[in-house]
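Heavy-atom basis, side chains included; hydrogens, waters and symmetry copies ignored.
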Amino acid sequence: MRREMRKGVENMGDIRILKIWVLLGIMGGYSWEDIRKHSISVKYLAFPAALGLALHIWGNDSTWVSMALGIAVGAGILVLAAATGGRIGPGDGLLLVVTGIYLGGAGNFQLLMYGLLYAALASLTLLVLRKWHRNRELPFVPFLFLGYLTMIAGEAVC
């Protein structure tokens, strides 16, 4: 019995590590694309979303409510994207829907806050240095990626 319990805990650790690597891959790839094209192609998000749901079912490391709240964070950004007429890209919202599957409500909200913080700091720095104009677009996914790296580093330290 103990051996089975230990194996279950080890499998949950493996699933958690797999989730981290999947998110690093998704966010790293989309960061590169967002920097180059100032948009992201969302057609490839279906596979990681399905994989996240499967890992959630298999690993059962968070509740369905937490996952739904994580998805709601991304859905809120999609609503803002529609309300702002595209000033916020819908791809950012869809990416946050997928990250919500993996991170849950609190984790996805934390990711969004880190992304907003880093984007604000970069925008302020660029404005002060007069390298950027107020109405120019700034790719957001790289700041989400940096926020996710911060979250991982914070977990490693604790």
Side-chain angles (χ1 to χ4, degrees), residues 12 15-127 131-156:
M12 282 185 64
I15 291 171
R16 190 166 176 281
I17 290 169
L18 180 59
K19 285 181 173 184
I20 289 170
W21 281 107
V22 169
L23 282 177
L24 284 172
I26 294 167
M27 295 178 78
Y30 277 121
S31 291
W32 179 253
E33 183 178 0
D34 201 14
I35 290 169
R36 286 187 2 207
K37 298 180 181 178
H38 289 271
S39 67
I40 61 172
S41 56
V42 295
K43 61 184 174 185
Y44 301 113
L45 282 175
F47 176 73
L51 178 61
L53 289 171
L55 290 173
H56 181 79
I57 292 167
W58 186 33
N60 199 19
D61 60 341
S62 65
T63 66
W64 286 98
V65 172
S66 177
M67 185 177 66
L69 290 172
I71 292 170
V73 170
I77 298 300
L78 285 171
V79 169
L80 280 175
T84 61
R87 302 270 309 168
I88 299 171
D92 299 328
L94 288 172
L95 179 63
L96 282 165
V97 165
V98 174
T99 59
I101 294 170
Y102 288 85
L103 299 174
N108 210 30
F109 187 73
Q110 183 181 9
L111 174 67
L112 176 60
M113 291 299 108
Y114 274 128
L116 290 172
L117 173 68
Y118 289 135
L121 291 173
S123 297
L124 184 62
T125 302
L126 291 170
L127 284 171
K131 301 284 183 185
W132 210 259
H133 300 287
R134 191 172 64 87
N135 292 326
R136 247 176 106 184
E137 291 180 4
L138 191 65
F140 186 57
V141 179
F143 299 111
L144 289 175
F145 183 53
L146 183 60
Y148 187 60
L149 292 174
T150 302
M151 290 170 66
I152 293 171
E155 286 182 20

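- Residues Leu149 and Met27 fail the side-chain proximity criterion, which asks for heavy atoms closer than 4.5 Å.
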Return a table of donor-acceptor pairs under 3.5 angstrom between the side chains of residues 138-146 and protein atoms on other chains or two or more places apart.
none

Show which side-chain atoms of residues 91-101 pair as donor or acceptor with protein atoms under 3.5 Å away, not counting sequence neighbours.
residue : atom : partner : partner atom : Å
Thr99   : OG1  : Leu95   : O            : 3.4
Thr99   : OG1  : Leu96   : O            : 3.0
Thr99   : OG1  : Asn108  : OD1          : 2.6

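- Atoms CE and CG, from Met67 and Leu69 in turn, are 10.5 Å apart once rounded to the nearest 0.5 Å.
- Judged as a side chain to side chain contact (heavy atoms under 4.5 Å, CB included), and not counting sequence neighbours, the contacts of Gln110 are Tyr114, Met151.
- Listed by first and then second residue, the side-chain hydrogen bond (donor to acceptor under 3.5 Å, both in side chains) pairs involving residues 24-37 are Glu33-Ser41 (not counting sequence neighbours).
- Under the side-chain hydrogen bond (donor to acceptor under 3.5 Å, both in side chains) criterion, Thr150 pairs with Tyr118, sequence neighbours left out.
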Margin query: The test is side-chain contact (heavy atoms from CB on, under 4.5 Å); show your working for Leu24 and Ile20 and say whether it passes.
Written below: CA-CA 6 Å; Leu24 284 172; Ile20 289 170; 3.9 Å; yes

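- Here the straight-line distance linking atom CG of Leu112 with atom CG of Leu117 works out to 11.0 Å at 0.5 Å rounding.
- At distances below 3.5 Å, not a single donor-acceptor pair connects side-chain atoms of Tyr102 with backbone N or O atoms of Leu55.
- Between the CG atom in Leu103 and the CD1 atom in Ile71 there is a gap of 11.5 Å [rounded to 0.5 Å].
- Looking at every heavy atom in both residues, Tyr148 comes nearest to Lys19 through OH-O, 4.4 Å.
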Margin query: Run Leu111 and Val73 through side-chain contact (heavy atoms from CB on, under 4.5 Å) and show every step you take.
Written below: CA-CA 10 Å; Leu111 174 67; Val73 170; over 6 Å; no

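- Residues forming a side-chain hydrogen bond (donor to acceptor under 3.5 Å, both in side chains) with Thr84 (at least two apart in sequence, or on another chain): none.
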